[in-house]
Amino acid sequence: MTAPTIAARALTLRYARTLALDDVSLTMHDGVTGLLGPNGAGKTTLLRIVATAMTPDRGELTVLGHDPHSPAGRLAVRRRLGYLPQSPGFHPNFTAFAFVDYVAILKEQTNRGRRHEEVRRVLAVVGLDAHRGKKIKALSGGMRQRVALAAALVGDPDLLVLDEPTVGLDPEQRLRFRELIAELGERRTVLLSTHQTEDVMTLCRKVVVLDRGRILFEGTPTDLADLARGRVWTSSAREPGALAAWRTGTGSYRNVGNPPGGAQLIEPTLEDGYLMLIERPGSADEVSL
């Protein structure tokens with residue numbers, strides 16, 4: 001097997017009294033890896049560390065064969081990295097073209113003609129070729145997100161780190177996004193943090209579940225779904241002891257948790273396995289619908 005794109009061992013980081021990452025170890029190779037977890041789980045912290053925007057308190061990390069702790073290693077990683085943060089910083093009076101061009105300059109693309117060709121290329125990849133002259137402030141939230149993704153794609157990076165990239169995208173745009181990421185993941189490593197479990201099931205070879213700074217699961221999407229096997233069933237009424245239950249379009253209830261005897265079991269989804277994994281006391285009341 002080839003050397004991993006990302007190799008982390010015992011990463012630990014604390015914000016004041018909050019332990020954001022607690023002894024996190026993982027490896028990633030080419031393909032798309034999905035990062036799931038509730039709010040505050042430490043996902044964005046982990047992505048920032050991989051993207052060289054933060055340094056852990058303890059632990060070891062290599063990215064693309066380099067140690068980002070050293071200035072030389074950090075620069076080497078950034079030259080081959082595309083990073084889409086959760087909240088991209090836009091100058092509202094920049095056009096889409098000017099913003100991506102600015103990022104291309106930061107990525108050391110100094111030849112103006114070739115740089116502008118690259119800017120046009122990535123804007124076309126995300127479907128914004130016709131809108132490249134519009135100012136950021138005039139674009140919708142979904143379009144702004146695609147501008148940020150275009151900026152991450154400048155230079156055809158070997159590693160893409162994407163933090164909630166589908167925020168603000170409508171269903172059609174999300175489908176286009178999946179198509180794009182699936183293609184990109186065929187020849188590079190993509191680390192994708194999302195709350196959209198369907199994106200993970202559709203796109204990812206591997207999924208990592210993070211909660212309260214610790215890794216709870218690392219495996220395939222199918223393996224995650226299997227954690228709920230025998231724990232999902234249908235009924236004519238909501239089961240009071242279910243961890244989660246909701247009425248479906250057919251009028252029956254779909255329940256997740258500990259089924260009663262004789263329950264009509266059904267095939268679990270990745271979302272069911274995720275729910276069982278992060279089950280906490282009192283959570284059943286919070287997700288009853």
Side-chain angles (χ1 to χ4, degrees), residues 15 17-24 26 32-47 86 163-175 177-178 192-289:
Y15 299 114
R17 297 182 179 180
T18 301
L19 190 58
L21 291 181
D22 184 7
D23 199 37
V24 168
L26 53 83
V32 185
T33 295
L35 183 60
L36 289 173
N39 291 332
K43 302 187 301 298
T44 292
T45 297
L46 177 59
L47 264 59
Q86 191 173 44
D163 196 353
E164 297 292 345
T166 58
V167 170
L169 300 186
D170 62 33
E172 180 183 359
Q173 291 169 345
R174 186 172 290 123
L175 289 173
F177 164 82
R178 290 178 188 169
L192 167 69
S193 174
T194 180
H195 284 102
Q196 301 290 335
T197 53
E198 63 269 30
D199 288 343
V200 174
M201 193 69 202
T202 304
L203 289 169
C204 300
R205 300 179 188 175
K206 177 179 177 180
V207 57
V208 176
V209 178
L210 196 65
D211 188 21
R212 287 171 282 189
R214 297 187 67 88
I215 291 179
L216 300 186
F217 175 88
E218 185 177 358
T220 68
T222 300
D223 289 340
L224 180 55
D226 278 344
L227 294 180
R229 188 163 298 281
R231 308 288 295 276
V232 188
W233 72 101
T234 60
S235 60
S236 59
R238 182 191 182 277
E239 295 285 351
L243 174 63
W246 57 93
R247 192 172 185 175
T248 68
T250 64
S252 63
Y253 282 79
R254 193 175 193 280
N255 305 276
V256 183
N258 295 314
Q264 184 178 345
L265 299 177
I266 59 175
E267 192 72 12
T269 66
L270 180 145
E271 194 169 48
D272 299 326
Y274 170 75
L275 182 62
M276 296 301 304
L277 190 66
I278 64 167
E279 177 183 355
R280 296 175 183 173
S283 59
D285 293 336
E286 297 173 4
V287 294
S288 302
L289 298 173

Novice: For a quick test of reading the model, state the closest non-hydrogen atom pair linking Pro259 to Gly230 and the distance between them.
Specialist: CG-O, 3.4 Å

Novice: Mind checking what makes side-chain contact (heavy atoms from CB on, under 4.5 Å) contact with Gln264, not counting sequence neighbours?
Specialist: Thr234

Novice: Classify the side-chain pair Asn258/Arg231 by whether it contains a donor and acceptor separated by less than 3.5 Å.
Specialist: yes

Novice: Using only heavy-atom distances, determine whether the side chains of Tyr15 and Thr45 contain a donor-acceptor pair under 3.5 Å.
Specialist: yes

Novice: Write down the atom of Phe177, the atom of Pro165, and the distance for their closest heavy-atom approach.
Specialist: CZ-CG, 3.5 Å

Novice: Taking side chain to side chain contact (heavy atoms under 4.5 Å, CB included) as the criterion, tell me which of Val208, Asp211, Leu210 meets it with Leu216.
Specialist: Asp211

Novice: Who are the salt bridge (charged side-chain N to carboxylate O under 4.0 Å, His left out) partners of Asp272, not counting sequence neighbours?
Specialist: Arg254

Novice: Could you check if a side-chain atom of Leu203 sits within less than 4.5 angstrom of a side-chain atom of Leu192, using non-hydrogen atoms only?
Specialist: yes

Novice: Sequence neighbours left out, what passes salt bridge (charged side-chain N to carboxylate O under 4.0 Å, His left out) with Asp226? Give chain and number order.
Specialist: Arg229

Novice: For Gln173, give me all partners under side-chain contact (heavy atoms from CB on, under 4.5 Å), at least two apart in sequence or on another chain.
Specialist: Arg146, Leu169, Asp170

Novice: Using the side-chain hydrogen bond (donor to acceptor under 3.5 Å, both in side chains) definition, which of the options Gln196, Gln86, His195 pairs with Glu164?
Specialist: His195

Novice: Under the side-chain contact (heavy atoms from CB on, under 4.5 Å) test, which residues partner Thr197, sequence neighbours left out?
Specialist: Leu36, Leu270, Glu271

Novice: side-chain contact (heavy atoms from CB on, under 4.5 Å) with Ser236: which residues, sequence neighbours excluded?
Specialist: none

Novice: Are Thr269 and Met201 close enough, and set up right, to give a side-chain contact (heavy atoms from CB on, under 4.5 Å), and what steps lead you there?
Specialist: CA-CA 9 Å; Thr269 66; Met201 193 69 202; over 6 Å; no

Novice: Rounded to the nearest 0.5 Å, what's the gap from OG on Ser193 to CG on Asp163? Could you check?
Specialist: 4.5 Å

Novice: Can you confirm whether Met276 sits close enough to Val256 that some side-chain heavy atom of one is under 4.5 Å from a side-chain heavy atom of the other?
Specialist: yes

Novice: Do any N or O atoms from the side chain of Lys43 and from the backbone of Val209 form a donor-acceptor pair under 3.5 angstrom?
Specialist: no

Novice: Give, for atom CD of Glu218 and atom CG of Leu224, the distance between the pair rounded to the nearest 0.5 Å.
Specialist: 12.0 Å

Novice: In plain terms, say whether Asp22 and Arg212 are close enough for a salt bridge, that is, a side-chain N and a carboxylate O under 4.0 Å apart.
Specialist: no

Novice: Where is the tightest heavy-atom contact between Ala242 and Trp233, given as atom of each residue plus distance?
Specialist: CB-CH2, 4.2 Å

Novice: Taking all heavy atoms of Arg205 and all of Pro221, pick out the closest pair and write down the distance.
Specialist: O-CD, 3.6 Å

Novice: Side-chain contact test, heavy atoms from C-beta onward, threshold under 4.5 Å: evaluate it for Leu35 versus Leu46 and give yes or no.
Specialist: yes

Novice: To check you understand the geometry: which heavy-atom pair defines the closest contact between Gly251 and Arg247, and what is its length?
Specialist: O-NE, 3.3 Å

Novice: Side chains of Thr222 and Thr220: is there a donor and an acceptor less than 3.5 Å apart?
Specialist: no

Novice: Could you tell me the separation between the CD1 atom of Ile278 and the CZ atom of Phe217, rounded to the nearest 0.5 Å?
Specialist: 13.5 Å

Novice: Give the intermediate values and the outcome of side-chain contact (heavy atoms from CB on, under 4.5 Å) for residues Leu26 and Ile215.
Specialist: CA-CA 9 Å; Leu26 53 83; Ile215 291 179; 3.6 Å; yes

